[in-house]
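Counting starts at 1 for both ligands and their atoms, in listed order. Along the sequence shown, the residues carry numbers beginning at 1.
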Amino acid sequence: MQALIQELRAQLGADQVLTEGDLSAWEQDWRKRDRGRALAVVRPGSTAEVAAVVQACIAQRARQPERPVSIVPQGGNTGLVMGSTPDASGEQVVLSLQRLNRVRALDADNLTLTAEAGCILATLQQHAQAAGFLFPLSLAAEGSCTIGGNLGTNAGGTQVLRYGNARDLCLGLEVVTAQGEVWHGLSGLRKDNTGYDLRDLLIGSEGTLGIITAATLKLYPLPAAQLTAWAAVPSLPQALALLRLAHRHLGAGLTGFELMGQFALSLADKHLPQLRVPLWRQSPWCVLLENSDHESLTHAREQFDRLLEAALAEGCISDAVVAENLAQAQQLWQVRESIPLAQVAEGLNIKHDIAVPVSRIPDFVAATDALLTQAIPGVRLVNFGHLGDGNLHYNVQAPQALDAAEFLRQHEEQVNHLVFESVRAFGGSISAEHGVGSLKLAHLEQHKSPVALGMMRAIKQALDPLGLLNPGRVLRHE
Ligand SMILES: Cc1cc2nc3c(=O)[nH]c(=O)nc-3n(C[C@H](O)[C@H](O)[C@H](O)COP(=O)(O)OP(=O)(O)OC[C@H]3O[C@@H](n4cnc5c(N)ncnc54)[C@H](O)[C@@H]3O)c2cc1C
């Protein structure tokens, strides 16, 4: 392996090939569930250097096939399914894209932005805004996740009901293949039916089919006004009724519809006392709504007022507050986005990121809550998520009296089984937006159809026959 390290240092410069010191930022996953050991962390600064790393690893494979080196692409390392950190073998190279962080172009007439994979999502949002445009991908990790990781996982977030997932926001990719070649696919075209859609294949492949080095992304006009409201909702069927009303009153202006259960909000209130969490004590559910209006603030307010009046009259909400200004709106969003951090503060928990058809969410939650509380008395359910997309973070926290680590040891398998069987019964997905990584690999094998798994294996074999890229993620390494 020493020859490989020397070759990498020659190609990238010694400073950009880390083998010693504290590598925890690259080796430890965000939830601190596991820590791997990297052969090296490499930080290429260009697409050509990424290709050189892949070629150096292929050459090392030829020299030492009995110790097969592999590559783990990494962006901001905020992924939640243990897909971006190395395993314990000490034979994986972590390829950090963070130095590929240039915005290459903004085409105002084509409404596109071309940026390198290591650009931080929030930086891209700001770049678009400074030019008078909206890049709508938005998630709580946006201050540290990268666009390459967003596309690698086909990230969702809070604006999906209006703008779609990361896949829907991408018009082209530049990719280093598992052979160390560069695919220049930054077309920026909205129409291109020339065979298989390689872009869509690469998006969501979690670093197992190629390394994304740049992307051409869709921009939208900035709305003239954006209003945020927070409503107390008496039940989940009423939350659905509110969603129907919001679609009817706001049309394409409805850009956010986030559901939060009372226990989830109680954790935010407990662990982040600097936040003011509205209305949570009086209601089992709260909903955060966002209205983006292309006419004016007055128009946005009138529409919102009409919606909330109708919702009160129909009993979908018991109370509501509308943010008076941007600062108040940001505070409301901060509460929603702080829930994952509050959960971390409360202790380890069993996370699920599930999707079922929007219409079936109330029945899914009622049925699954009943199964879990029957099986594990005192279990605490942290429910929140993107109701507008049928996507819930359905998380399970230990009963108050039980140590969290012990709870996981005793019950993780049982809880996963109950939740995923329920997801199956309701026609859902076991991973709506976080992906598979290594954490959900075994579950994927149980829940994906054998035909689909067979096609996925054939694609992996065709594009990465050596199993060089992120082996053991998404699919078992054979
Ligand atoms: C507080 C918090 C909130 C979150 N909220 C959401 C949410 O609302 N919606 C959502 O979808 N996710 C959410 N996530 C998960 C996570 O932020 C996303 O998955 C994000 O897209 C990962 O980006 P990253 O740059 O950190 O990627 P990483 O974690 O570094 O990598 C994730 C995966 O992508 C691969 N990858 C990374 N870069 C590349 C590349 N350039 N080319 C090919 N593959 C690559 C990695 O190998 C890995 O498999 C949240 C995470 C946190 C911590």
May I ask you to identify, for Ala117, whether its side chain, its backbone, both or neither come under 4.0 Å of ligand 1 on a heavy-atom basis?
side chain
Out of Asn77, Leu202, Asn470, the nearest non-hydrogen contact to atom 28 (P) of ligand 1 is supplied by Asn77
So, does Arg61 use its side chain to make a donor-acceptor pair with the main chain of Val69 at under 3.5 Å?
yes
Proximal atoms of ligand 1 relative to Thr146 (non-hydrogen, under 4.0 Å)
24 (P), 25 (O)
I'd like to know if the side chain of Asn154 and the backbone of Arg167 have a donor-acceptor N/O pair within less than 3.5 Å.
yes
So is Asn150 close enough to ligand 1, meaning a heavy atom under 4.0 angstrom away?
yes
In this structure, atom 46 (C) of ligand 1 is nearest to the protein heavy atom Pro73 O, 3.1 Å
List ligand 1 atoms under 4.0 Å from Gly207, heavy atoms only on the residue side.
43 (C), 44 (N)
Measure from the ring center of Phe133 to the ring center of Tyr220 and say whether it is less than 6.0 Å.
no
Which atoms of ligand 1 sit under 4.0 Å from any heavy atom of Ala140?
3 (C)
Given Glu206, Arg31, Gln159, which has its nearest heavy atom closest to atom 49 (O) of ligand 1?
Glu206
May I ask you to identify the nearest protein heavy atom to atom 31 (O) of ligand 1, giving residue, atom name and distance to one decimal place in Å?
Ser84 CB, 3.4 Å
For atom 24 (P) of ligand 1, the closest protein heavy atom turns out to be Gly76 N, 3.4 Å
Among Asn110, Asp107, Thr114, which residue satisfies the side chain to side chain donor-acceptor pair (under 3.5 Å) criterion with Thr216?
Thr114
Is Ala141 close to ligand 1, meaning an N/O of one under 3.5 Å from an N/O of the other?
no
Out of all atoms in ligand 1, which are within 4.0 Å of some heavy atom of His386? Include the element for each.
8 (O)
Check for a donor-acceptor pair, side chain of Ser438 on one end and backbone N or O of Met82 on the other, with a separation under 3.5 Å.
yes
So Ser283 and Gln262, side-chain hydrogen bond (donor to acceptor under 3.5 Å, both in side chains) or not? Walk me through it.
CA-CA 7 Å; Ser283 184; Gln262 192 170 40; over 6 Å; no
Which one of Val335, Val382, Leu279, Leu275 satisfies the side chain to side chain contact (heavy atoms under 4.5 Å, CB included) criterion with Leu265?
Val335
Record the part of Leu97 in heavy-atom contact with ligand 1 below 4.0 Å; permitted values are side chain, backbone, both and neither.
side chain
the protein heavy atom lying closest to atom 9 (N) of ligand 1 turns out to be Glu433 OE2, 2.9 Å
Counting only heavy atoms, tell me which of Leu121, Thr78, Ile120, Val50 gets closest to atom 22 (C) of ligand 1.
Thr78
Taking atom 11 (O) of ligand 1 as the point of reference, which of Gly75, Gly152, Pro340, Gly156 owns the nearest heavy atom?
Gly156
Indicate yes or no: does an N/O atom of Gly79 lie under 3.5 Å from an N/O atom of ligand 1?
yes
Tell me if the centroids of the rings in Phe420 and His352 come within less than 6.0 Å of each other.
yes
Ser70 and Gln92: side-chain hydrogen bond (donor to acceptor under 3.5 Å, both in side chains), yes or no, with the steps?
CA-CA 5 Å; Ser70 55; Gln92 295 197 302; 3.0 Å; yes
Val72, any N or O under 3.5 Å of ligand 1 N or O
no
When distances are taken from atom 39 (C) of ligand 1, the protein heavy atom at minimum range is Gly148 O, 3.7 Å
Count the heavy atoms belonging to other residues, nucleotides or ligands that lie under 6.0 Å from CZ of Arg276, then report whether that count exceeds 12.
no
Considering only protein heavy atoms, which is closest to atom 50 (C) of ligand 1, and at what distance to one decimal place?
Leu80 CD1, 3.8 Å
Going through the distances and angles, do Arg9 and Thr19 end up as a side-chain hydrogen bond (donor to acceptor under 3.5 Å, both in side chains)?
CA-CA 11 Å; Arg9 289 200 166 124; Thr19 54; 3.2 Å; yes
Between Phe364 and Tyr394 (judged by ring centroids, cut-off 6.0 Å), do the two rings come close enough to count as a pair?
yes
Does any N or O of ligand 1 fall below 3.5 Å from an N or O anywhere on Ala155, backbone included?
no
Atoms of ligand 1 under 4.0 Å from any heavy atom of Gly157, numbered from 1 in the order shown, are 8 (O), 9 (N)
For atom 32 (C) of ligand 1, what is the closest protein heavy atom, and at what distance to 0.1 Å?
Thr153 CG2, 3.6 Å
The atoms of ligand 1 lying under 4.0 Å from a heavy atom of Gly210, numbered in the order shown, are 43 (C)
Would you please test Arg33 and Glu412 for salt bridge (Lys or Arg N to Asp or Glu O under 4.0 Å) and show each step?
CA-CA 13 Å; Arg33 282 191 66 141; Glu412 187 165 15; 3.1 Å; yes
Consider every N or O of Ile212 and every N or O of ligand 1, then say whether any pair is closer than 3.5 Å.
yes
Does atom CD of Gln274 have more than 12 heavy-atom neighbours from other groups under 6.0 Å away?
yes
Correct closest heavy-atom pair for Gln397 and Gly347 would be NE2-O, 2.9 Å
Check whether any heavy atom of His434 sits under 4.0 Å from an atom of ligand 1.
yes
Would you say Glu337 touches ligand 1, if touching means a heavy atom closer than 4.0 Å?
no
Test item, Gly435 contacting ligand 1 (heavy atom, 4.0 angstrom):
no
What protein heavy atom is closest to atom 48 (C) of ligand 1, reported as residue, atom name and distance in Å?
Gly83 O, 3.5 Å
Counting distance only, does the side-chain N/O of Ser338 pair as donor-acceptor with the main-chain N or O of Leu341 below 3.5 Å?
no
Main-chain N/O of Gly435 paired with Ser431 side-chain donor or acceptor, under 3.5 Å
yes
